[in-house]
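A, B, ... follow the sequence lines: proteins, then strands. Residue 1 opens every chain.
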Amino acid sequence: MPFGRFFDSPRGPFAQLQREMNQLFDTLVAPRLAVARGLVGRTFPPVNVYDDGAALTLECELPGIDQENLELYIAGDTMTLKGERPEVRCDENARMHIRERGYGTFNRAITLPVDVDGDKAEARFVNGVLRVTVPKSPQVMPKQVKVKTE
Amino acid sequence: MNTNETSRTPAVPEEYFLPPVDVMETADELVLTADMPGVSPEQLDVTVEEGVLTLHGRVSAEEEPASRKTVQREFLTGDYYRQFRLPRDFSAEGINASLKSGVVTIRIARDERSKPRRIPVQVEPAEAERRIEDKSGR
């Protein structure tokens with residue numbers, strides 16, 4: 001897996017980032033919070049999962065991935081995302097100064113808190129963010145039981 | 001002094017994420033690629049001022065249903081902001097930015113003046129002959 005390939009390099013993105021951060025703090029008023037956010041050394045893709053009562057909503061950051069190269073599967077309580085992120089190609093006449101973005105294939109399975117009805121899932125991919133809404137499986141939804149008196 | 005100077009300068013957000021970038025230099029241009037998922041073209045500002053390139057992507061938090069419970073959170077959303085000092089031989093003249101699938105690509109053309117030129121070195125035949133004579137005479 002090429003993800004994380006540059007993680008250990010002393011001339012890699014972290015050293016570079018450190019230099020830039022220093023520069024940033026030298027030249028600007030220090031912000032309250034500046035967070036470096038990279039794909040390198042991180043689980044890719046990052047996923048947020050929300051419980052909306054009758055349905056689950058999943059958000060997933062997939063910058064630079066073509067819709068055609070993205071596969072989404074839902075079965076039971078598992079959502080699987082497969083795809084490939086293209087590399088910035090650098091030929092012999094070019095030089096790479098900074099490389100912080102990861103690239104390569106990914107295949108991630110996310111376990112959901114409950115079983116879902118994958119057939120009714122809706123997925124939208126906008127500006128590199130995938131949003132999936134999927135209803136919970138009828139089996140896991142609470143059923144009201146009529147209480148009878150004798 | 002240009003009075004518009006201050007209004008053109010984008011405000012630095014209080015909290016922001018530094019987007020990861022790739023920077024590649026070719027003979028003709030500098031290509032900067034930045035990951036800014038969630039940013040639409042209308043929310044992206046790319047400015048160059050006094051040799052400093054600024055990327056600012058605004059991400060407004062979506063309103064969440066009150067009944068929503070977070071099960072797992074692996075990323076936060078917010079503005080992206082990052083500045084780069086451009087090398088002297090790249091100017092704001094030939095710059096273009098595009099945004100696709102949350103990835104910003106900025107191409108900055110190299111100034112024509114600073115492109116490497118090959119200067120032909122000629123050895124005059126007479127000079128060459130004299131050198132050979134010097135060697136043989138030793």
Open item on the list: Can you confirm whether A/Glu122 is buried at CD, in the sense that more than 12 heavy atoms of other residues, nucleotides or ligands lie under 6.0 Å from that atom?
Closed with: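 No, CD of A/Glu122 has 12 or fewer neighbouring heavy atoms, counting only those of other groups under 6.0 Å.
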Open item on the list: Tell me whether A/Lys143 at atom NZ has more than 12 heavy atoms from other residues, nucleotides or ligands lying less than 6.0 Å away.
Closed with: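 Yes, because the 6.0 Å sphere around NZ of A/Lys143 holds more than 12 heavy atoms from other groups.
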TODO: Take the angle between the ring planes of B/Tyr80 and B/Phe17 and call it parallel below 30°, perpendicular above 60°, tilted in between.
DONE: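 Ring orientation of B/Tyr80 relative to B/Phe17: tilted.
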Open item on the list: For the interface with chain B, which of A/Leu56, A/Val47, A/Leu58, A/Val126 has the highest count of heavy-atom pairs at distances below 4.5 Å?
Closed with: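 Option with the greatest count: A/Val47.
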Between [options], which shows the greatest number of heavy-atom pairs under 4.5 Å with chain A?
{"options": "B/Ser40, B/Pro41, B/Pro65", "answer": "B/Ser40"}
{"options": "B/Leu99, B/Thr70, B/Thr26, B/Val71", "answer": "B/Val71"}
{"options": "B/Asp79, B/Asp22, B/Thr33", "answer": "B/Asp22"}

- [ ] Measure the shortest side-chain to side-chain distance between A/Phe44 and A/Glu61 over non-hydrogen atoms and say whether it is less than 4.5 angstrom.
- [x]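 In short, these two side chains do not touch, never coming nearer than 4.5 Å.
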- [ ] Might you point out which heavy atoms bring B/Tyr81 and B/Pro19 nearest each other, and give the distance in Å?
- [x]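 What the structure gives for the nearest pair is O-CD, 3.7 Å.
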- [ ] Only counting residues at least two apart or in another chain, list the ones meeting side-chain contact (heavy atoms from CB on, under 4.5 Å) with B/Val23.
- [x]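 For B/Val23, the residues satisfying side-chain contact (heavy atoms from CB on, under 4.5 Å) (neighbours in sequence not counted) are A/His97, A/Ile98, B/Val21, B/Leu30, B/Leu32.
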Using non-hydrogen atoms and a 4.5 Å limit, figure out which bit of [X] sits close to chain B: side chain, backbone, both or neither.
{"X": "A/Arg131", "result": "side chain"}
{"X": "A/Glu59", "result": "both"}
{"X": "A/Ile110", "result": "side chain"}

